[in-house]
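For reference, the structure is listed below as structure tokens.
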Amino acid sequence: MKLQVPAMLLWLTLATSCQFGKGASYTPSQPFRDYWYNGQAEISRYSLQQVQYGAQNPGEAVLIFVTEDFLTDKQVKLETEDNSGDATSVLKLNSIRRFVTGIYDYSLYSSVFTPVNTEKYPHSLKVTMSAQDWCGQTYTQLNRRGKGYEVMGRSYFEKNVEEDYSFNDAWLEDEIWTRLRFAPDQLPIGDTEAVPAAYAARLTGQPLEPQKAIGSMTAYEGTVFKGRALNVYSLLYPEHNRELRIVFEKAFPHEIAGWEETYTSRGKVLTTRAVRTSLIRSEYWKHNAPGDTTLRQQLGARGF
């Protein structure tokens, strides 16, 4: 059944679950509503080779896309009808990367909250990232305030133990992933300024601040990534010799077939690669009983 307008979702999302949004201040296109406002999330699993410590390390990645209503002042998920006037519809990405380095493992978890109404909100409102390994944990949060971002960082590393600063508006690498899902034509092309993804700054040591970057869009001509009529969006940081390449389907809903990141690690120029192995659509927040592990098996995600 097709939805009429997002407002008619009538607070079906008001619960503790990770439900979809109703588009409080924006009416997206019909294909967007049909795909993203139908009460399901899109979950993709990827086979991962992640560069760290001068080597490619085996692991997996999971990308979870879902729409939800987001309070623009508090910058948190809307859960009470009383605050509905301050909400907007966002496409949220939860991105999880897990990989093994020698005896111990890494877990990188990022969340990105990107308004669908890009005319009113030209950039993502919030990004969070946490990293865990056997040494300890780090946490980073970016909040858009006015025409810039406030950054808060906490870390077990002495040189980054406590960071609080701000910078003016620029493209966030983290929001490239969400924006290409509904408006790839709005991505920066040519010379621009971009802020490296929070997880990438953690791994590569790039400053988490605006840097010179070059964006480009081309057709994918390789054989590693599979999909229909694939494009490649590239974001190159020439001063840091790092490039991100996201391979996605040209047609809506622009499914992500995989990605590559090339950068220097311990003196070696190496490439991270993630290749999609499966995709499911699910109300995953309702499937948290032991018997629901069959869905995890369907996705092909690793167990614990």
Side-chain angles (χ1 to χ4, degrees), residues 43-65 93-112 127-140 153-160 172-174 176-177 194-208 211 220 222-227 232-237 240-248 256-279 296-297 299-304:
I43 310 169
S44 298
R45 188 264 182 191
Y46 299 80
S47 176
L48 178 67
Q49 290 289 323
Q50 179 71 53
V51 172
Q52 180 71 329
Y53 303 132
Q56 290 178 316
N57 303 280
E60 73 172 356
V62 177
L63 302 185
I64 305 164
F65 287 94
L93 166 63
N94 285 332
S95 172
I96 305 151
R97 296 167 173 83
R98 296 190 180 99
F99 58 97
V100 176
T101 57
I103 190 175
Y104 66 98
D105 52 67
Y106 270 76
S107 175
L108 307 175
Y109 198 124
S110 299
S111 296
V112 187
V127 173
T128 64
M129 192 283 297
S130 63
Q132 301 83 31
D133 62 60
W134 284 17
C135 295
Q137 304 178 57
T138 63
Y139 179 79
T140 304
R154 301 293 184 267
S155 175
Y156 63 88
F157 289 114
E158 181 180 2
K159 66 179 181 179
N160 308 116
L172 303 182
E173 181 183 316
D174 281 302
I176 297 296
W177 300 81
V195 180
Y199 77 86
R202 163 73 181 89
L203 292 181
T204 68
Q206 273 184 280
L208 194 62
Q211 301 176 26
Y220 176 68
T223 59
V224 173
F225 301 102
K226 307 300 181 183
V232 183
Y233 180 77
S234 170
L235 193 62
L236 171 67
Y237 299 90
H240 293 271
N241 195 30
R242 175 175 170 265
E243 183 178 17
L244 169 68
R245 297 176 297 277
I246 306 175
V247 183
F248 66 101
I256 295 176
W259 64 89
E260 295 179 331
E261 293 177 73
T262 299
Y263 53 90
T264 302
S265 178
R266 290 191 172 177
K268 302 176 184 178
V269 178
L270 299 171
T271 297
T272 290
R273 177 175 291 136
V275 179
R276 186 175 64 185
T277 60
S278 55
L279 182 152
R296 189 176 183 87
Q297 294 168 3
L299 184 64
R302 293 167 58 184
F304 295 92

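Just so it is clear, the values below take in all heavy atoms, side chains as well, and ignore hydrogens, waters and symmetry mates. The structure displayed is predicted, hence computed values, not measured ones.
For the pair K226 and R276, the tightest heavy-atom approach, listed with the atom from each and the gap, is O-NH2, 4.0 Å. The minimum heavy-atom distance between A194 and L235, with the atom names listed, is CB-CD2, 4.0 Å. Nearest approach of Y156 to G136, heavy atoms of both residues: CE2-C, 3.1 Å. The minimum heavy-atom distance between R302 and G59, with the atom names listed, is NH1-CA, 3.9 Å. Here the closest non-hydrogen pair linking L108 and A131 is CD2-CB, 3.5 Å. In this structure, G54 and S265 approach most closely via the heavy-atom pair N-OG, 2.8 Å.
Among residues two or more places apart in sequence or in another chain, the ring pair (Phe, Tyr, Trp, His ring centres under 6.0 Å) test is passed with Y263 by none. In this view, D133 and R202 satisfy the salt bridge (charged side-chain N to carboxylate O under 4.0 Å, His left out) rule, not counting sequence neighbours. For S130, the side chain to side chain donor-acceptor pair (under 3.5 Å) partners are Q132, not counting sequence neighbours. Partners of T271 by side chain to side chain donor-acceptor pair (under 3.5 Å), not counting sequence neighbours, listed by chain and number: T262. For Q211, the side chain to side chain donor-acceptor pair (under 3.5 Å) partners are Q206, H240, not counting sequence neighbours. Checked against ring pair (Phe, Tyr, Trp, His ring centres under 6.0 Å), W177 has the following partners two or more places apart in sequence or in another chain: W259. Remark: R97 engages no residue in a salt bridge (charged side-chain N to carboxylate O under 4.0 Å, His left out) (not counting sequence neighbours). Under the rule for a side chain to side chain donor-acceptor pair (under 3.5 Å), T128 has no partner lying at least two apart in sequence or in another chain. Considering only residues two or more places apart in sequence or on other chains, Y109 meets the ring pair (Phe, Tyr, Trp, His ring centres under 6.0 Å) condition with none of them. In terms of the salt bridge (charged side-chain N to carboxylate O under 4.0 Å, His left out) criterion, residue partners of R245 (sequence neighbours excluded) are, by chain and number, E243, E260. For the ring pair (Phe, Tyr, Trp, His ring centres under 6.0 Å) test, no residue two or more places apart in sequence or in another chain qualifies with Y199.
Side-chain atoms of Y237 and E173 form a donor-acceptor pair, as typed in the model, at a separation below 3.5 Å. Looking at S278 and R45, their side chains never bring a donor and an acceptor atom within 3.5 Å of each other.
Between the CD1 atom in I256 and the CZ atom in F65 there is a gap of 4.0 Å [rounded to 0.5 Å]. Expressed to the nearest 0.5 Å, how far CD of E60 lies from CG of L299 amounts to 8.0 Å. Put simply, OG1 on T138 and CG on N160 are 8.5 Å apart, with the number rounded to the nearest 0.5 Å. From F99, atom CZ reaches atom CD of Q52 across 5.5 Å, with rounding to the nearest 0.5 Å. Residue L279 holds its CG atom at 9.5 Å from CG of L63, rounded to the nearest 0.5 Å. To the nearest 0.5 Å, atom CD1 of residue I64 and atom CD1 of residue I96 are 4.0 Å apart.
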Could you walk me through whether V100 and N57 pass side chain to side chain contact (heavy atoms under 4.5 Å, CB included), step by step?
CA-CA 6 Å; V100 176; N57 303 280; 5.9 Å; no
V51 vs T204, test: side chain to side chain contact (heavy atoms under 4.5 Å, CB included). Steps then yes/no.
CA-CA 10 Å; V51 172; T204 68; over 6 Å; no
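Applying the salt bridge (Lys or Arg N to Asp or Glu O under 4.0 Å) test to residues at least two apart or on different chains, the pairs with a partner in residues 261-270 are R242-E261.
For the pair Y220 (side chain) and T223 (backbone), a donor-acceptor distance under 3.5 Å is present.
At a threshold of 4.5 Å between non-hydrogen side-chain atoms, the residues L203 and Q50 count as touching. With contacts defined as side-chain heavy-atom distances shorter than 4.5 Å, the pair V127/L172 qualifies. In this structure the side chain of R273 reaches within 4.5 angstrom of the side chain of F225, judged on heavy atoms. Between T272 and L48, the closest side-chain pair of non-hydrogen atoms falls below 4.5 Å.
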